[in-house]
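Presented below is the structure to which this report refers.
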Amino acid sequence: MDTGRKLKVALLGCGSVGSEVARMMTTHAEDLAARIGAPVELVGVAVRRAGRPRPGIPEELLTTDATALVKRGDLDIVIELIGGIEPARTLITTAFEHGASVVTGNKALLAEDGPGLYAAAAQHGADLYYEAAVAGAIPLVRPLRESLAGDRVERVLGIVNGTTNFILDKMDTSGAGYADALDEATALGYAEADPTADVEGFDAAAKAAILAGLAFHTRVGLDDVHREGITEVTAADLASAQRMGCTVKLLAICERSADGASVTARVHPAMIPLSHPLASVRGAYNAVFVKAAAAGQLMFYGAGAGGAPTASAVLGDLVAVARHRLGESNGPGESAYARLRVAPMGDVVTRYHISLDVADKPGVLAHVATVFARHDVSIDTVRQQGKDGEASLVVVTHRAPDSALQAVVAELRELDTVRDVASIMRVEGE
Ligand SMILES: NC(=O)c1ccc[n+]([C@@H]2O[C@H](COP(=O)([O-])OP(=O)(O)OC[C@H]3O[C@@H](n4cnc5c(N)ncnc54)[C@H](O)[C@@H]3O)[C@@H](O)[C@H]2O)c1
Ligand SMILES: N[C@@H](CCO)C(=O)O
Ligand code: NA
């Protein structure tokens, strides 16, 4: 098809991902044109600092005025790769107002204000695409948004943050503590100078909010996601997991309740059996399981981060959106019609591994067991190891509501014979 038309594209942000997108748009120009049906031309690149050498990007395309760029009025597509809430949000909405469609990788902004962005896109008849926002290169947004649009998704479970997976993997394989593993992740460039967003689970929680929204056709905000990071995970937790034939992963889990009336979304470290495929996701890789009523279990695996892998997802979106511009059509907008209740963490039903330091005296085990029984939490296994009048007690429960487990722990902490509740970890993937 030769329509004689050229599609004009502006790029906002030229960091790890943006620079790869600019490079690929140049090196793959002919293939992109053939696949889209018209050439895509990069007409401007907004950067924060001018005057830096940017190999492969003609200097005359660079500008430090992103606002003026998105207001040009002749843009077909704006690719936002600045990140963060502002100025990204204003730039994206301004791009819509001036007639462009938008491709972004900005999970923080989508989790904060996805509905606002969708509304702006719909108002101006534009597309909003964001495959790069969740699990980088791995096609996951499009499968949920399009391929599974005819099915009923029951659960999304996976590893969606590479930095924390690298740290936990390091702790597992080397016996290192959290701080040493974080130092190594920083030295190797996996963790950022300020690792808070990754290690405290904010990045994974934003992705969980996006995934839950897509999976359940319900608005799920960042505040709806229960979030625990990995900073409290100890070498002892990993050792204990290994003794149980498990490892520890930071998981994002979005589930429909058994009665289908509500959904939950959570991010926390959890033990998973070594036999589970997620246990063999090493280093900074991501992997996500999607369970749907008709499709059954699907597994998505690959590079969840990195300039080139993430740029692959951005370019895929660019092709899709460009085709729509040529065909004067649109991709899917927001789908939040189901309006399911987003239930609190207390409603989540799962298993627990609880490690207690107790006095090694007659009746202590019975006393501890009574607390579990009082809250209707059934014990699966108990393992005790004694040392000098003290004992460490590891209790693994059957499935129980999180609220019941929290009540058990609060009561255990009050017992004279319980010196410390050393760790509480959920057990998933069985
Ligand atoms: N790096 C990854 O592996 C990865 C993976 C998935 C998604 N993402 C997302 O992609 C986006 C970009 O990530 P990144 O890793 O390339 O970040 P980055 O920090 O490397 O790049 C962002 C760039 O934007 C520039 N910038 C900041 N303010 C600007 C402004 N007002 N105008 C123009 N430029 C401005 C910065 O100077 C920087 O070069 C983020 O939303 C991120 O969450 C990144
Ligand atoms: N910081 C993120 C990048 C991808 O969103 C990670 O470690 O996975
Ligand atoms: Na993706």
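Just so you know, ligand 1 is whichever comes first in the structure, and atom 1 is the first atom listed for that ligand.
Atom 25 (C) of ligand 1 has its closest protein heavy atom at G13 CA, 4.2 Å. Regarding atom 31 (N) of ligand 1, its nearest protein heavy-atom neighbour is P87 CG, 3.7 Å. Of the protein's non-hydrogen atoms, G105 O, 3.2 Å is the one closest to atom 9 (C) of ligand 1.
Considering backbone and side-chain N/O of G306, one or more are found under 3.5 Å from N/O of ligand 1. Geometrically, ligand 1 and V17 share a nitrogen or oxygen pair separated by less than 3.5 Å. Between R49 and ligand 1, a contact under 3.5 Å exists for no N or O pair.
Within a 4.0 Å radius of atom 34 (N) of ligand 1, the protein contributes one or more non-hydrogen atoms.
Enumerated by chain and number, the residues approaching ligand 2 to less than 4.0 Å through a heavy atom are K107, N161, G162, T163, D198, D203, K207, G304, A305.
Scanning L69, I82, V45, V47 for the heavy atom closest to atom 27 (C) of ligand 1 points to I82.
Atoms of ligand 1 found under 4.0 Å from any heavy atom of A132 (numbered from 1 in listed order, with element): 6 (C), 7 (C).
Less than 3.0 Å away from the Na ion (ligand 3), the protein contributes these N/O/S atoms: E131 O, E131 OE2, V134 O, G136 O, I138 O.
Y130 and Y118 have perpendicular rings, their planes meeting at more than 60° on a 0 to 90° scale where under 30° would count as parallel.
When atom types are taken as modelled, the side chain of E80 and the backbone of I82 share a donor-acceptor pair closer than 3.5 angstrom.
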